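Model, not experiment: these values are computed from the prediction. Numbering of ligands and ligand atoms starts at 1, following listing order.
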Amino acid sequence: MKKTGEAEEYFSVFVEEKPTRKGKLQGITFSFKDNICVKGTETKASSKILEGYTPLFDATVVERIRGEGGEIVGKTIQDEFGFGSFNTNTGLGIKPPRNPVDKKRVTGGSSGGSAAAVKILDKHVSIAESTGGSIANPAAFCGVIGFTPTYGLVSRYGLIDYANSLDKIGVMSRKVKDAAITLSVIAGSDGKDMTCTAEKEVYEDYLGKNVKGMTIGIPKEYVKDLDPEVEKGFVETKKMLESKGVKFKEVSLKKNAEYSIPAYYIIAMCEASTNLAKYSGLRYGYTEEMKGEHYDKFFSRVRGNAFGEEAKRRILLGTFARTTGYRDAYYDKALRVRTLLIEEYKEAFKECDALMHPTMPILPPTFEEAGKLTPLQNYMLDLLTVGANLAGLPHISVPAKNTKLPVGVMLTANHFEEGKLITLGENIE
Ligand code: GLN
């Protein structure tokens, strides 16, 4: 694709490549979040430390999309390594993208470039990644579909890791149908990723179905303290589903409401800090001249000059939380809490087909508003998305009905029940 106009700020690299195969994805253009390896194309997860890194191989998702005739047009801007909720934590020298709906506002993150590209480009699908909500959040803020599958359904081979036990590759599109078709192509076991052993389904089979008789649970703790416009969009969407015969009931995710944020940020930062240890100026991307100094000094300098502020914060906190003596108190405890949170979701699914609540409690903030938040206030805004991600549950964010600015409604289903989300999502759409 040519570097043109509006799309430019959402892409880190443009690719010009004509499909060589025919298949299900013919006629659709694809972009990949910058943390997904595309052979021969600079892939840096929007970080200066990976500047110039050009993979010698394709991620499995890239290979599968090529195999079905998808046309690859580029890589999209993200928060550095996925660390953020607004896409304002892009790496050094990379400009945060603006929301195509209102340029004073953020796109959401960390897959903000993907969400915005889908919003402005016709017949375009973006392959993104979520660790704690990075697909749902920008989908909500830009007014597109964000589909995050069950952990392990889509191969992570060729994904630059943020937190291995949480990362999931998913799909952003304008139509639920395109997400379903794309998911059918990218899902399913892969010998190159041992956590990806799931057999896929034909997700298009769940399109065109009605939702009459389905039961949706609304976690009462997740519909509190909402921006009035978010609440309005949520209520209207709920009414619309009711008119189609969906039954709603109140459920509780009390433990998730209280503990998902601390458990998530401890686990995510611990895993991130070990994953980032390999970026030392020796093997990948950015480097500097070695001035006859000790290796420790060299790599500290390189890392000091090339990681952004949020990446440094997470390296410090994550390293601290898994240091001998603290590991039991933080990391191990967070893992035990995670099990309790998964059990709470499982309990809720005994009573309903899916859960529904707004994706984000706020409207897309302006850059000024986002800039005033402390790191902790920023993390707290992920409250509605991290639970499903910690539990590895599939979820979809669909634009809500009748709002002035984009609002997302998030539906979460039990493991491997992506089909229900496709049916429900299409009915909302
Ligand atoms: N906002 C969350 C974080 O900063 C989620 C990011 C993600 O899913 N990559 O960790």
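- Within the 4.0 Å heavy-atom criterion, the part of R314 lying near ligand 1 is the side chain and not the backbone.
- Counting atoms of ligand 1 from 1 in the listed order, those under 4.0 Å from a heavy atom of G82 are 4 (O), 6 (C), 7 (C), 9 (N).
- Given atom 5 (C) of ligand 1, the protein heavy atom at minimum distance is Y264 OH, 3.3 Å.
- Note on R301 versus E288: salt bridge recorded, some NZ/NE/NH1/NH2 to OD/OE distance being below 4.0 Å.
- The distance from ligand 1 to the heavy atoms of D382 drops below 4.0 Å at these ligand atoms: 1 (N), 2 (C).
- The pair R98-E9 meets the salt-bridge criterion, with a side-chain N (NZ, NE, NH1 or NH2) lying under 4.0 Å from an Asp/Glu carboxylate O.
- Residues N414 and K346 have side chains in contact (heavy-atom distance under 4.5 Å, counting atoms from C-beta outward).
- Under the 4.0 Å criterion applied to side-chain N and carboxylate O atoms, K123 and D178 are not assigned as salt-bridge partners.
- Any N or O atom pair closer than 3.5 Å counts here, and G84 shares at least one such pair with ligand 1.
- Considering backbone and side-chain N/O atoms, K33 never comes within less than 3.5 Å of an N/O atom of ligand 1.
- Per-residue contacts place G132 under 4.0 angstrom from the following atoms of ligand 1 (heavy atoms of the residue considered): 5 (C), 7 (C), 8 (O).
- Within the 4.5 Å cutoff, side-chain heavy atoms of F81 are placed close to those of I49.
- Screening K238, K232, M240 for a side-chain contact (heavy atoms from CB on, under 4.5 Å) with K401, the sole residue that qualifies is M240.
- Here Y162 has side-chain heavy atoms under 4.0 Å from ligand 1, and that is the only part of it that gets that close.
- Looking from atom 7 (C) of ligand 1 to the surrounding protein, the closest heavy atom is S134 OG, 2.4 Å.
- The closest approach between a heavy atom of S110 and any atom of ligand 1 is below 4.0 Å.
- Counting only heavy atoms from C-beta outward, the side chains of I127 and F32 approach each other to under 4.5 Å.
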